[in-house]
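Everything below concerns the one structure shown next.
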Amino acid sequence: MASYASEEKNGQHHDNDDGEMEDEEVGEEEEEPKNYTEISALEQVKVSAADIKKLKEANFHTVEAIAYTPKKQLGEIKGLSENKVEKILEAAYKLL
């Protein structure tokens, strides 16, 4: 009976450790998205929703992807003029 109580006590302790580990794992998973900035953040620095939509349609989904793409390549996206591309790049650099 003493060993059962001891096992139960250890089991409870183990369960608490698992719960804490799960909380830590969840916390770590929540931090991972901070490694990039979603492209929608460009709206905060006055890039229009229409331009963001064009970037998404061209498979750009992060500010970092925009910032590290050559201006010439961004200029090939339908509907983005050279001036818009420069404005978008400046906005992306501000968010890095």
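These values consider heavy atoms only, across backbone and side chains, with no hydrogens, waters or symmetry-generated copies. Owing to the predicted nature of the structure, the values given are computational and were not obtained by experimental measurement.
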Measure across Leu80 and Leu74 and return the closest heavy-atom pair with its distance rounded to 0.1 Å. CD1-O, 4.1 Å
With no hydrogens and no angle check, do the side chains of Thr37 and Glu64 hold a donor and an acceptor under 3.5 Å apart? yes
Do the side chains of Glu43 and Ile52 get nearer than 4.5 Å, heavy atoms only? yes
In this structure, would Val63 and Tyr68 fall into the same cluster of hydrophobic residues linked by side-chain contacts under 4.5 Å? yes
Atom CD of Glu57: over 12 foreign heavy atoms under 6.0 Å: yes
Which pair of heavy atoms, one from Phe60 and one from Ile66, lies closest together, and at what distance? CB-CD1, 3.5 Å
Name each donor-acceptor pair under 3.5 Å that joins a side chain in residues 86-96 to protein atoms two or more places apart or in another chain, with its distance.
from: Lys87; atom 1: NZ; to: Lys46; atom 2: O; distance (Å): 3.0

I'd like to check the salt bridge (charged side-chain N to carboxylate O under 4.0 Å, His left out) partners of Lys84; sequence neighbours left out, ordered by chain and number. Asp51
Looking at Leu42 and Leu55, what are the two nearest heavy atoms and their distance? CD1-CD1, 4.2 Å
